[in-house]
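Notes to accompany the following structure.
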Amino acid sequence: MMMANNASSEGYFILLGFSKWPHLEATLFVLILIFYLITLIGNLFIIILSHIDSHLHTPMYYFLSNLSFLDLCYTTSSIPQLLVNLWGPEKTISYAGCLVQLYFVLALGTTECVLLVVMSYDRYVAVCRPLHYTVIMHPRFCHMLALACWVSGFTTSALHSSFTFWVPLCGHHQVDHFFCEVPALLQLSCVDIHANELTLMVMSSIFVVIPLILILSSYGAIAKAVLRMQTTTGLQKVFGTCGAHLMVVFLFFIPVMCIYLQPPTETSQDQGKFIALFYTVVTPSLNPLIYTLRNKDVRGALRRQMGLQN
């Protein structure tokens with residue numbers, strides 16, 4: 001592999017992050033730490049509760065547990081490094097660390113895009129084909145779908161991150177971002193990167209635009225089915241579960257599209273840091289709240305577990 005000339009020889013990158021706004025760093029440190037702790041606690045709560053309560057051993061909560069575990073890994077791949085950089089004067093990351101971070105950020109982000117499609121398909125089957133739901137969403141089939149999400153994400157990331165680090169980097173080794181991300185790393189290149197930008201656009205279309213179209217198509221079919229429902233209870237249940245999932249979809253996909261589907265400029269690079277901060281820090285912390293606050297199944301499971309403790 002053709003390594004980055006300057007960065008690989010010196011063994012590190014400098015993550016500029018939010019150094020343009022030094023007066024914000026202390027505030028950002030506190031806020032990001034709070035959101036990170038909420039993410040850890042909230043997602044661990046969903047994983048543990050879904051595992052110990054037999055009433056939640058359903059496809060929906062199986063995929064939700066996967067999403068929670070995914071969010072834990074996704075935030076942990078970048079946020080601890082960001083907190084270290086915000087806390088002290090050193091804002092470096094080793095070359096190997098940058099490569100590993102890029103790989104996992106891409107892998108986990110891609111996996112989440114595919115997993116959200118699978119979750120929308122699960123809701124489509126539950127609402128539009130309820131009589132066949134248990135047959136279609138068989139546990140073995142659910143395991144295969146989840147495995148396909150993870151394999152597709154990590155395989156795609158291996159190809160894309162390798163292609164990114166094939167590009168020779170020269171000049172300074174300052175990454176204008178708070179974590180190692182493809183667009184920011186490509187800005188360090190001293191050769192023509194049109195092929196890489198085209199690859200990034202194609203991959204973004206495959207794993208961002210197409211999944212979003214599939215998700216919206218699923219919810220279009222669900223909306224038609226809901227309008228034919230006669231019972232108020234059924235309508236409330238559908239809107240409760242599907243509305244929460246759709247909110248998570250928009251919170252994740254819209255910021256990601258703003259980053260990966262627009263040409264890079266100096267202005268967009270600065271805006272991109274705050275947009276990336278939203279989908280790497282805020283969105284994973286909101287997911288547990290969105291799925292649990294108005295969810296009767298989770299509240300019932302929590303009461304049952306508290307009753308057992310008594």
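Count residues from 1 along the sequence.
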Heavy-atom pair of closest approach, residues [X] and [Y]:
{"X": "D297", "Y": "R304", "answer": "O-NH2, 4.3 Å"}
{"X": "S77", "Y": "F104", "answer": "CB-CB, 4.3 Å"}
{"X": "S157", "Y": "L102", "answer": "OG-O, 4.3 Å"}
{"X": "S285", "Y": "V281", "answer": "OG-O, 3.5 Å"}
{"X": "F163", "Y": "A195", "answer": "CE2-O, 4.1 Å"}
{"X": "A184", "Y": "V175", "answer": "CB-CG1, 3.7 Å"}

Listed partners of [X] passing side-chain contact (heavy atoms from CB on, under 4.5 Å), at least two apart:
{"X": "V84", "answer": "none"}
{"X": "L251", "answer": "M247, F278, T283, L286, I290"}
{"X": "T76", "answer": "Y36, L40, P80"}
{"X": "S19", "answer": "L16, E25, K91"}

Starting at [atom1] of [X], measure out to [atom2] of [Y] and round the result to the nearest 0.5 Å.
{"X": "L115", "Y": "L70", "atom1": "CG", "atom2": "CG", "value": "6.5 Å"}
{"X": "Y12", "Y": "T92", "atom1": "OH", "atom2": "OG1", "value": "7.5 Å"}
{"X": "L108", "Y": "T280", "atom1": "CG", "atom2": "OG1", "value": "12.5 Å"}
{"X": "R123", "Y": "F63", "atom1": "CZ", "atom2": "CZ", "value": "10.0 Å"}
{"X": "H138", "Y": "L145", "atom1": "NE2", "atom2": "CG", "value": "13.0 Å"}
{"X": "H57", "Y": "S65", "atom1": "NE2", "atom2": "OG", "value": "8.5 Å"}

If only atom types and distance count, is the side chain of [X] paired as donor or acceptor with the main-chain N or O of [Y] below 3.5 Å?
{"X": "S50", "Y": "I47", "value": "no"}
{"X": "N43", "Y": "T39", "value": "yes"}
{"X": "S152", "Y": "C149", "value": "yes"}

Residues which pass ring-ring contact (aromatic ring centres under 6.0 Å, His included) with [X], listed by chain and number, not counting sequence neighbours:
{"X": "F179", "answer": "H177"}
{"X": "Y62", "answer": "H143"}
{"X": "F69", "answer": "W150"}

For E90, check side chain to side chain donor-acceptor pair (under 3.5 Å) against everything at least two apart and list the hits.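 Checked E90 against side chain to side chain donor-acceptor pair (under 3.5 Å); zero matches.
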Given the rule in the side-chain contact (heavy atoms from CB on, under 4.5 Å) test, do D176 and K273 qualify, once you have shown the distances and angles that lead to the verdict? CA-CA 9 Å; D176 193 13; K273 295 176 187 178; 2.5 Å; yes
Give me each pair satisfying side-chain hydrogen bond (donor to acceptor under 3.5 Å, both in side chains) with a member in residues 99-121, each pair once, sequence neighbours excluded.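 Not a single pair qualifies under side-chain hydrogen bond (donor to acceptor under 3.5 Å, both in side chains).
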Are [X] and [Y] joined in one hydrophobic group, where the rule is that I, L, V, M, F, W and Y side chains link up if heavy atoms are under 4.5 Å apart?
{"X": "M119", "Y": "V151", "answer": "no"}
{"X": "V248", "Y": "I254", "answer": "yes"}
{"X": "L198", "Y": "I259", "answer": "no"}
{"X": "L159", "Y": "V100", "answer": "no"}
{"X": "V114", "Y": "M257", "answer": "no"}

How are the rings of Y279 and F252 set to each other: parallel, tilted or perpendicular (split at 30° and 60°)?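 Rings of Y279 and F252: perpendicular, as their planes differ by over 60°.
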Test log, rule side-chain hydrogen bond (donor to acceptor under 3.5 Å, both in side chains), inputs D53 and Q305: CA-CA 8 Å; D53 192 277; Q305 297 308 315; 3.1 Å; yes
T164 and L186: CA distance, side-chain angles, deciding distance, side-chain contact (heavy atoms from CB on, under 4.5 Å) verdict: CA-CA 7 Å; T164 300; L186 291 179; 4.3 Å; yes
For residues 127-135, run the donor-acceptor check on the side chains, cut-off 3.5 Å, and write out each pair with its distance to 0.1 Å, sequence neighbours left out.
unit_1: Y133; atom_1: OH; unit_2: D122; atom_2: OD1; d: 2.5

Would you say that more than 12 heavy atoms from the other residues, nucleotides or ligands in this model lie under 6.0 Å from the CH2 of W87, or not?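 Counting other residues, nucleotides and ligands, CH2 of W87 stays at 12 neighbours or fewer.
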Atom CZ of F253: over 12 foreign heavy atoms under 6.0 Å: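 Enclosed: over 12 neighbouring heavy atoms sit under 6.0 Å from CZ of F253.
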Less than 6.0 angstrom separating the ring centers of Y95 and F13, yes or no?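 Between Y95 and F13, the centre distance is under 6.0 Å.
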For the aromatic rings, using the six-membered ring if either is Trp, is the centroid distance between Y61 and H55 under 6.0 Å?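 Y61 vs H55: aromatic centres not under 6.0 Å.
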With a 4.5 Å cut-off on side-chain heavy atoms, are [Y] and [X] touching?
{"X": "F18", "Y": "L82", "result": "yes"}
{"X": "L106", "Y": "F154", "result": "no"}
{"X": "V298", "Y": "L49", "result": "yes"}
{"X": "M144", "Y": "L147", "result": "no"}

Counting only pairs under 3.5 Å, give me each side-chain donor-acceptor contact of residues 203-218, with atom names and distances, residues two or more places apart or in other chains.
unit_1: S204; atom_1: OG; unit_2: L200; atom_2: O; d: 2.7
unit_1: S205; atom_1: OG; unit_2: M201; atom_2: O; d: 2.9
unit_1: S217; atom_1: OG; unit_2: I213; atom_2: O; d: 2.8
unit_1: S218; atom_1: OG; unit_2: L214; atom_2: O; d: 3.0

Set out, in order, the CA-CA distance, both residues' side-chain angles and the distance that settles side-chain contact (heavy atoms from CB on, under 4.5 Å) for L83 and L33, then state yes or no. CA-CA 7 Å; L83 290 172; L33 179 60; 4.0 Å; yes
Between I14 and I93, does a side-chain contact (heavy atoms from CB on, under 4.5 Å) hold up when you go through it step by step? CA-CA 6 Å; I14 298 175; I93 183 172; over 6 Å; no
Can you list everything that forms a disulfide (SG to SG under 2.5 Å) with C180? Sequence neighbours excluded, please.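 With neighbours one apart ignored, the set is C98.
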